Amino acid sequence: MTVYDPAIRELAALLESPEMKDVKPEIREKLENILEMSKKRHNYADEITTKHSDVLDQITKETTTHPWEEVFKAGKTSWIMPARMISSPISSQFLKFIVSMAKAKQVLEIGMFTGYTALSMAEALPPDGVVITCEIADYLKSLTSEFFSRSPHGKKIKPYFGPAGETLETLTKEGRLFDVIFVDADKAGYRGYVETILQNGLLAPNGIILADNAFSDGRPYLLPKSREENPMNDFNEYIANRPDLRQVLLPFRDGILAIRRTSEVEGKVD
Ligand SMILES: C[S@@+](CC[C@H](N)C(=O)[O-])C[C@H]1O[C@@H](n2cnc3c(N)ncnc32)[C@H](O)[C@@H]1O
């Protein structure tokens with residue numbers, strides 16, 4: 001289980017630390033209970049949320065067991081891709097809700113990895129719907145193509161390989177318009193991606209942008225707020241300070257910042 005809340009990680013570390021040896025047993029027990037309650041809350045959300053499809057389950061398991069370190073050592077990737085980058089059943093279900101509620105036909109994803117969220121969103125689209133997903137790592141071409149071939153929804157997914165900034169320019173030239181945009185790639189790139197999306201008119205009327213990892217493991221509210229050291233805070237504040245946008249930070253897992261145009265959120269009166 002990935003723990004995203006730094007307060008819980010701190011508590012777990014404290015319980016393992018030598019400082020605990022002088023602490024009264026009843027206090028230790030209370031602290032252990034607090035940690036347990038947090039795990040139970042997390043597990044309860046997983047239990048109650050609708051389970052993901054069999055193919056998404058296979059992708060999750062095979063991503064976890066994939067030999068990422070060997071692949072890197074063989075020079076096939078430029079870094080050891082951490083399996084923990086894959087999203088969870090809760091995020092999968094949430095994305096499916098948004099795509100279906102938006103009656104989306106055109107979806108854009110920035111950051112495909114092993115295709116878990118791309119396939120999740122494809123599962124919620126009508127037969128003529130499309131998920132365009134951007135990915136920089138060529139190694140993932142054959143892996144994801146094989147994963148997508150296992151699902152009837154896989155044919156709705158069109159991966160574009162290369163740096164996402166360049167792909168956004170290509171998509172602009174192609175005259176694309178997206179109803180739902182899920183941003184889940186390099187954190188330092190988020191601000192530029194969203195600026196390009198809005199400036200180049202890639203977001204359809206009534207469209208929504210969802211930016212994953214808005215909490216970035218606690219960095220935005222725990223680290224100094226400079227742009228270089230804290231790109232996720234820089235992005236979150238940039239969005240929060242734009243009067244033409246409305247946003248809500250959904251505090252589940254590592255946080256998702258949902259963004260819409262102000263004119264499409266604020267109601268009118270006669
Ligand atoms: C967090 S993972 C995406 C996880 C995926 N959305 C999921 O939930 O299963 C981020 C991915 O973005 C890719 N990436 C990083 N920088 C990128 C860039 N500049 N352009 C395109 N893709 C990039 C990485 O290679 C990685 O596969």
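Excluded from the calculations below are hydrogen atoms, water molecules and symmetry mates; all remaining heavy atoms, backbone and side chain alike, are included. In listed order, ligands and their atoms are each counted from 1. Residue numbers start at 1 and run along the sequence shown. Because the structure is predicted, anything quoted here is derived from the model rather than measured.
Nearest protein neighbour of atom 26 (C) of ligand 1, counting heavy atoms only, is Glu135 OE1, 3.5 Å. Summary of contacts: the protein heavy atom closest to atom 10 (C) of ligand 1 is Asp184 O, 3.1 Å. Remark: minimum distance from atom 23 (C) of ligand 1 to any protein heavy atom is reached at Ile136 CG2, 3.6 Å. The single protein non-hydrogen atom nearest to atom 12 (O) of ligand 1 is Gly111 CA, 3.4 Å, given as residue, atom name and distance. In terms of protein heavy-atom proximity, atom 9 (O) of ligand 1 is nearest to Tyr116 CB, 3.4 Å. From the protein, the heavy atom lying nearest to atom 7 (C) of ligand 1 is Thr117 OG1, 3.2 Å. For atom 16 (N) of ligand 1, the nearest protein heavy atom (residue, atom name, distance) is Asp186 OD1, 3.3 Å. The protein atom (non-hydrogen) at minimum distance from atom 8 (O) of ligand 1 is Ser87 OG, 2.6 Å.
With sequence neighbours excluded, the residues forming a salt bridge (charged side-chain N to carboxylate O under 4.0 Å, His left out) with Asp244 are Arg242, listed by chain and number. In this structure Tyr193 satisfies the ring-ring contact (aromatic ring centres under 6.0 Å, His included) test with no other residue, sequence neighbours excluded.
Using a 3.5 Å distance cut-off with no hydrogens or angles, the side chains of Ser88 and Ser91 do pair a donor with an acceptor.
When heavy-atom distances to ligand 1 are checked against a 4.0 Å cut-off, Pro163 comes that close only through its backbone atoms N, CA, C and O. The side chain of Met81, and not its backbone, has at least one atom closer than 4.0 Å to an atom of ligand 1 (non-hydrogen atoms only; side chain from C-beta on). With a heavy-atom cut-off of 4.0 Å, Phe161 does not touch ligand 1 at all.
Annotation for ligand 1: atoms under 4.0 Å from non-hydrogen atoms of Met112 are 5 (C). Heavy-atom contacts of Gly162 reach the following atoms of ligand 1: 20 (N), 21 (C) (cutoff under 4.0 Å). Within the listing of ligand 1, atoms 18 (C), 19 (N), 20 (N), 21 (C) sit less than 4.0 angstrom from a heavy atom of Ala164. With ligand atoms numbered from 1 in the order given, ligand 1 contributes 6 (N) to contacts under 4.0 Å with heavy atoms of Glu109. If you number the atoms of ligand 1 from 1 as listed, the ones under 4.0 Å from a heavy atom of Tyr193 come out as 18 (C), 19 (N).
Both the sub-6.0 Å distance and the 45° axial angle are satisfied by Lys141 relative to the ring of Phe161. Judged by the 6.0 Å distance and 45° axis criteria, Arg191 is positioned over the aromatic ring of Tyr238.
There is no path of hydrophobic side-chain contacts, each under 4.5 Å, that joins Ile132 to Ile136.
Ligand 1 lies out of reach of Ala118, whose nearest heavy atom is not under 4.0 Å from it. Not a single heavy atom of Thr114 sits less than 4.0 Å from an atom of ligand 1.
Separation of the His52 and Tyr116 ring centroids falls under the 6.0 Å cut-off.
From Leu125, atom CG reaches atom CD of Gln106 across 8.5 Å, with rounding to the nearest 0.5 Å.
Aromatic ring orientation, Tyr139 versus His66: tilted (interplanar angle from 30° to 60°).
Tested against Ile110 for a side chain to side chain contact (heavy atoms under 4.5 Å, CB included), the candidates Asp212, Ile197, Ile209 yield a single pass: Ile197. In summary, of the residues considered (Phe215, Tyr4, Phe94), a side chain to side chain contact (heavy atoms under 4.5 Å, CB included) with Phe252 occurs for Phe94 alone.
Backbone and side-chain nitrogen or oxygen atoms of Ile86 are examined, and none is located within less than 3.5 angstrom of a nitrogen or oxygen of ligand 1.
Shown here for Pro126 and Ala104, the closest heavy-atom pair between the two residues is CD-O, 3.5 Å.
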